[in-house]
Protein chains: 2
Amino acid sequence: MSEVQSVDRAAQILQLLSAESPLSVSEISRRLQVHRSTASRLMATLEAHDLVEQEGQRGAYRLGFGLLRLASAVTARVDLSRDAQACCDAAAASLNETVNVAILDAGYAVTITQTVGQRMIGVARQYVGQRAPLHATSTGKVLLACSPAAEQDRVLAAPLEAFTASTITSPEVLTAELAAVRERGWASAVAEWEEGINALAVPVRGPQGAVVAAFSTTAPAFRLPESTFAEHVEMLREAAGQLESRLGYLPGVRASGG
Amino acid sequence: MSEVQSVDRAAQILQLLSAESPLSVSEISRRLQVHRSTASRLMATLEAHDLVEQEGQRGAYRLGFGLLRLASAVTARVDLSRDAQACCDAAAASLNETVNVAILDAGYAVTITQTVGQRMIGVARQYVGQRAPLHATSTGKVLLACSPAAEQDRVLAAPLEAFTASTITSPEVLTAELAAVRERGWASAVAEWEEGINALAVPVRGPQGAVVAAFSTTAPAFRLPESTFAEHVEMLREAAGQLESRLGYLPGVRASGG
DNA sequence: GAACGCTGTTGCACTATATGCAACAGTATC
DNA sequence: GATACTGTTGCATATAGTGCAACAGCGTTC
């Protein structure tokens, strides 16, 4: 149980509305299992802070623009998000699939920018802000492979959760996989985090040459079979190179892996 | 006073952290005027929902990536935000000033995308998610001038708040100003919302030719004097045209004003 | 190394707030 | 007109939220 129940409920309301919008006060009271008057007061407080807003006169509620203000403060903190978005847009146009940039944060791969491929508009999963497991995603494998040995040991020592039948759950297998990632300079996830979804990722280096992000593409397995990995990797490398040049990275200086 | 005090406090914490980051539990307790244990519990609940996160072991707190997830749901709802960001980036590069795209929402001009000009990085005011008054901003004047007469009458009937000595507060003067905006196809705000800050805006039309957004540039008055308005308007029209073509608007079809 | 100041956390008791209830007005459907 | 559902609000009550005290930890100063 959370520390402050009413704040917990308010946060749950925001999560409900991000998944499904709009929702009525009554529907929210049913899902939170509280009285309609409780839901109404929670919504009124969130609305006062612009975190939700009411469509029209009678219900229903949706998320408010105040969240954009708060989120802007988050992306402002991540230096590369501004450049990354532009490069995602360009890469999504050339790859014609969903493209993401993720950073390593508190033991997870966190997507900070995403451009949905034309074929996936309206149906693509939202990854921005999502904490993805390092062992089961292409971006996670890239970020982990290029991390200090201590970080890698920490992940390998923890239980490796299975998300699908294909998820790597053996520390030995993961160790070999990370070595292969370093060797060839890219990572793949073949239905390892989500059934039927494949992904490829390459590293993005910062001004000093350290890996600061991973650049990836995601698609249904039938559109991203292993036979096409090489060509997609080349496109990803080109896109990542665009971002790296914006970040001030000079290729050939202390390059490792690919 | 808000309806649910502890939710109100939690929302205030998020606002404090968006303005200044990171902040310690003790500092937050001082600013909210609550006990340190209260602040600690509020932070713990926000942290459980990824709305804040702790840097390192000992304080301090900053906003969390969970806000990006929520904000993504907001921008996903605003159809034109994806295209608008790319056009803002391009326009900011050519204008070399801050550029914004705003939509009309609940009687306000709400900025949905912003690219900060190179000269303003680090110091520019954050407009994204901000509700700007229609009578005192360039985007607001564009959006209001191109609104149905009923919406214009509603704004003109309400008290026109003065934000600076230059703000238009007379309904007659504002009516004439809106007619001029429609006539020439652009609006200006000369230190009307913020002292020393000038702004210019042009309309952005959707597929059916209706005005769906305003495209603006903002700069200190000395860099955007009235003598340079004409050239800046041309650049804005070009940028807005880029966005309009992405949105499917064909110039010459039912064009009104400029 | 000791003293001091500040930090964040947590168990506990108390009280102030959050809650549910009841009632109301409004809307949509049959 | 009857019915069902909606969102809001005054009020009383129960519970959660709060402050207090104590603790452990960290950084600074002497």
Side-chain angles (χ1 to χ4, degrees), chain A residues 1-66 77 105-107, chain B residues 1-66 77 105-107:
Chain A
M1 175 58 82
S2 209
E3 303 258 15
V4 185
Q5 188 179 55
S6 47
V7 174
D8 187 62
R9 284 173 171 162
Q12 287 182 55
I13 290 171
L14 295 178
Q15 280 156 353
L16 287 171
L17 286 171
S18 75
E20 184 181 345
S21 190
L23 288 173
S24 65
V25 166
S26 298
E27 183 55 35
I28 285 171
S29 76
R30 282 190 284 272
R31 296 195 192 191
L32 292 186
Q33 291 183 312
V34 297
H35 199 270
R36 287 197 320 276
S37 59
T38 300
S40 178
R41 293 192 176 97
L42 289 167
M43 300 300 285
T45 309
L46 290 170
E47 187 172 19
H49 289 275
D50 235 349
L51 299 178
V52 302
E53 63 183 34
Q54 205 171 5
E55 285 181 15
Q57 189 77 9
R58 172 191 178 78
Y61 282 85
R62 64 189 183 191
L63 292 177
F65 286 106
R77 170 176 100 230
D105 183 85
Chain B
M1 176 57 82
S2 207
E3 303 257 15
V4 184
Q5 188 180 55
S6 46
V7 174
D8 187 62
R9 283 175 172 160
Q12 287 182 56
I13 290 173
L14 295 178
Q15 278 156 355
L16 286 170
L17 286 171
S18 76
E20 185 182 344
S21 190
L23 288 173
S24 65
V25 166
S26 297
E27 184 55 35
I28 285 171
S29 74
R30 281 191 284 273
R31 297 198 191 187
L32 292 186
Q33 290 183 312
V34 297
H35 197 269
R36 289 198 319 275
S37 58
T38 300
S40 180
R41 292 190 177 99
L42 288 167
M43 299 300 286
T45 308
L46 290 170
E47 189 172 16
H49 289 276
D50 235 349
L51 300 178
V52 301
E53 63 183 33
Q54 205 171 5
E55 285 180 15
Q57 188 78 7
R58 174 188 176 81
Y61 283 85
R62 63 188 184 192
L63 292 177
F65 286 106
R77 168 177 101 230
D105 183 85

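Order of the sequence lines sets the chain letters (A, B, ...), proteins ahead of strands, with each chain counted from 1.
- Whole-Å rounding puts the Arg9(B) CZ to dG17(D) P distance at 11 Å.
- For the pair Leu23(B) CG and dC6(C) C1', the computed distance is 16 Å after rounding to whole Å.
- If Val7(A) and Thr38(A) are placed on DNA chain D by their nearest nucleotide, the residue sitting closer to the 5' end is Thr38(A).
- The main-chain N or O of Ser18(A) is never found under 3.5 Å from a side-chain atom of Ser21(A) such that the two would form a donor-acceptor pair.
- Summary of the strand contacts: Ser6(A) and Glu27(A) both lie near DNA chain D, and taking for each the nucleotide with the nearest heavy atom, the more 5' one is attributed to Glu27(A).
- Within the nucleic acid shown, Ser37(A) comes within 4.0 Å of at least one base atom, counting heavy atoms only.
- Between the Ser29(B) side chain and the Ser26(B) main chain, a donor and an acceptor come within less than 3.5 Å of each other.
- Between the P atom of dA16(D) and the CD atom of Gln5(B) lies a distance of 17 Å, rounded to the nearest Å.
- Atom CG in Leu32(B) sits about 14 Å away from atom C1' in dT18(D), given to the nearest Å.
- With Leu51(A) as the partner, the side-chain contact (heavy atoms from CB on, under 4.5 Å) test is satisfied by one option alone out of Leu14(A), Ile13(A), Leu17(A), Leu63(A): Leu14(A).
- Toward the 5′ end of DNA chain C lies the nearest nucleotide of Glu47(B), the other residue of the pair Arg36(A) and Glu47(B) mapping further downstream.
- With Ile28(B) as the partner, the side-chain contact (heavy atoms from CB on, under 4.5 Å) test is satisfied by one option alone out of Met43(B), Gln12(B), Arg36(B), Arg9(B): Met43(B).
- On a pure distance criterion of 3.5 Å, a polar donor-acceptor pair joins the side chain of Arg41(A) and the base of dG20(C).
- An angle of 50°, rounded to 10°, separates the two end axes of the helix from dG1(C)-dC30(D) to dC30(C)-dG1(D), each defined over five pairs.
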